[in-house]
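A quick write-up on the structure given underneath.
Keep in mind the model is a prediction, meaning the values are calculated, not measured. Naming: A, B, ... by sequence-line order, numbering from 1 per chain. Below, all heavy atoms of this structure are taken into account, side chains as well, without hydrogens, waters or symmetry copies.
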Amino acid sequence: MPSSNQTSSGFDQLHERVQRWIWQQQWMELRDIQEQAIAPILSAQRDVIISAATAGGKTEAAFLPIFSKLMDETGSGIRVLYISPLKALINDQYRRLSQMGELLEIPIHPWHGDIDAGRKQRALRHPSGVVLITPESLEALFVRRGYELAGIFQALRYLVIDELHSFIGVERGKQLQSLMHRVEQVAGHCVPRIGLSATLGDMGLAAEFIRPGKGEKVWLVQPEDDDGQELKIQVRGYRILAPDLFEDEDEKSEADIDEADANEIKTADSKDKSDIAAHLFKVLRGTNNLIFINRRADVEAYADRLRRLCEQQRLPNEFLPHHGSLSKDLREEAEQALKGDRPATVVCTTTLEMGIDIGSMTSIAQVGAPFSVTSTRQRLGRSGRREGDAAIMRFYISEPEVTPYTSPQDSLHPELMQAIAIVNLLLKRWCEPPVVNKLHLSTLIQQVLSLIAERGGIRAKQSWEMLCQKGAFTAVDQALFIQLLRCLGGQDLIQQTQEGLLLLGLKGERLVNHYSFFTAFQTPEEYRIVTHGKTLGTLPVEYPLTEGLYLIFAGYRWRVLAVDQERRVVDVERAATGRVPSFSGNRGWIHDRIREEMYRLYLSKEIPIFLDAIACDLLNEARTNFSRYGLADSPLLSNGQQTLLFCWKGDLVINTVLVQLQARGLSVGRDAIALIIEDAAPAKVLRELRAIAAKPPVNPVTLAATLQNKMIEKYDQFLSEELLCQNYASSYLDTPGAWNMISEIVSG
DNA sequence: GACCTGCTGCGGAATG
């Protein structure tokens, strides 16, 4: 039964039947954020962001007052639109909310691509209660049922955005902002927005995201005491032995492998990876853990190794893979294993970083340096969530043994330094703010077409007001918007009637009428991998799959039986050997602050207490090499025919410097932490840098024009060269940042 | 040198 704490101000304001639900849960008291959220949400006058760690009770914090509000009202229509980035999360939340909903007689409707169409139809016949939906399904409602929406949303009271942080700064987030605005337009009134988020790097940006132009009015709810938990962090170092120059395993082609080679592949495992797998096996077996690995291919490699270790010791397998190319069934199996009675450890990519409830893990492992503080913090949050438990995270970092053949950049052990830098920043409670000043013209194209489909036709001026001036694309002025419409008109995506009404063109109709239209993001073509009629997952079509090929996938080894190019289906059967396939991928973007911290670490003498003995050795080695190369004095280093330029800044700045040097006729490539300039001495590179620093920062759009390939996002193909340049410049160039860095180099 | 996310309506066949 509730304690006296329960009779605090917040609890008293809740509806009696909501209070009864809380009693039934036998909660002793409401959590701090739940208490704080009641008054602002009940008022239904303002937007609210509730920010707290995973499993902090954010869902209840939002829905206790929301349900209370709904209890006092009657009428027809959807009352609450809950928007989630994940279908799995909608299923999870449906289970949780429908218990409360049943007691309160408020219907809850899950709504996404896997939900039966008939069920959605029925929900629309008598719209009511709470709809749990994805941005894509909401987009589909606008395109397919534009005329009905005014009735459906007329009584809308709240918009709830779950995992708000996952939307900020990305295409899908821009789409969401646009949809939120369009919902209010058809509803005919302002609808308070409630954002639920993990801890954010910049609450101001999040507030501005949820209500563009009026961020300062958003009410922020954060736990008063967020750092009570004990952290146990270890960074473990491993040496990658230098390859024997006379025997190269990699030269063996995949076609050469047959069953008899199975043992040989095992011995071909590099020593560092076997050592890491052996340690993971030793410390994780018998408990529930997550092993985060940066690449899907490595997830497969480690899942295979760990499973074989179990088999060798005649133990049941407790290690299961989980990543975005595995089928829903296999992923659910792994998630169920974590919730089950037997111990299980899941080897995963970012797939288990957020969202669905998998309970608390004994520990977290991270193989390879992570790319951001934000995601590291999320991963850490999956462990030690029970009161009094420490959160445990082990980092496993491999660095090459340094020989006379090792490149300068490798001998600086940047992977280890990145891991340490990220842990340091995590301990300082810093994390990356999202990047929010992108134009997102690809997503604007989608929204223009969708708006025309919704209304059947719209005037150009009106569509600019809706989408840009008062909508989500505030950075797009009227002139730019008209340019964009001209591009679309020129390609028959849209046309204009004599009365000035914009309509869909033939090509636009075709685009909008295909279901692939509803996503704002790009997706690659893939093969489906099938065994005995069961889908295991997918592989990108770039990967050459041929009959007879051996493959490691979904934690097991397979032989390819047949490849159906037409249907894009690959049939496989179990085998005793296999190789890890390559999955397609892009590069990520590391923040300035992480590289600055790495630079500081090279210069410093401090030895962090969380390093093991080998990691300490590697750190000392990296510092010795850093000073041996004179990198404290100059970031330029001669290396044979090349000059290396070390940039202790984020990837946005490095990319900008690269494009600038290329534009001046230099041949430039890049490594993790250095630009590699071919056939140029440091003196020549320095002259070029001086020339750049002598003038004010270059115009990013002019700079973008020097680049060949700028089509990156889904509808970029419809942009003119001029718009492509503007779009690229807004997303991938930081000219002031680059200018500052270069100025520092030439003056220092 | 990454990772992740998502999707309608219809026509026709098979089944209860």
Which residues share a ring-ring contact (aromatic ring centres under 6.0 Å, His included) with A:H591, sequence neighbours left out:
A:W430
So, is A:T349 close to the B:dC4 phosphate, meaning a side-chain N or O under 4.0 Å from OP1 or OP2?
yes
Closest-nucleotide mapping onto DNA chain B: is A:A297 or A:R172 further toward the 5' terminus? I mean the 5' end.
A:A297
For the side chain of A:F371, counting heavy atoms from C-beta on, which of B:dC4, B:dG1, B:dC7 is nearest?
B:dG1
The complete set of salt bridge (Lys or Arg N to Asp or Glu O under 4.0 Å) pairs with one or both residues in residues 162-175 of chain A, sequence neighbours excluded, reads A:E136-A:R172
Strictly below 4.0 Å: does A:K120 bring a side-chain N or O up to OP1 or OP2 of B:dG9?
no
Less than 4.0 angstrom between a side-chain N/O of A:T134 and OP1 or OP2 of B:dC7, yes or no?
yes
Ignoring hydrogens and angles, tell me if any N or O in the side chain of A:N655 forms a donor-acceptor pair with the backbone of A:Y732 under 3.5 Å.
yes
Selection from B:dC4, B:dG6, B:dG9 that lies nearest to any side-chain heavy atom of A:T350:
B:dC4
Base B:dG1 paired with A:R670 side chain (donor-acceptor, <3.5 Å):
yes
Can a salt bridge be assigned to the pair A:R182 and A:E139 using a cut-off of 4.0 Å between side-chain N and carboxylate O?
yes
Taking the side chain of A:R331 as its heavy atoms from C-beta onward, which of B:dC7, B:dT5, B:dT8 lies nearest to it?
B:dT5
Calculate the interatomic distance between A:L164 atom CG and B:dT5 atom C1'; express it in whole Å.
16 Å
Closest listed nucleotide, where the reference is the side chain of A:R296 and the choices are B:dG6, B:dC7, B:dC3:
B:dC3
What is the distance, rounded to the nearest whole Å, between atom CG of A:L176 and atom P of B:dT5?
18 Å
Measuring from the side chain of A:H323 (C-beta onward, heavy atoms only), which nucleotide among B:dC3, B:dC4, B:dG6 has the closest atom?
B:dC4
How do A:I590 and A:R144 order along DNA chain B: which one's closest nucleotide is nearer the 5' end?
A:I590
Does a nitrogen or oxygen in the side chain of A:S137 sit under 4.0 Å from OP1 or OP2 of B:dT8?
yes
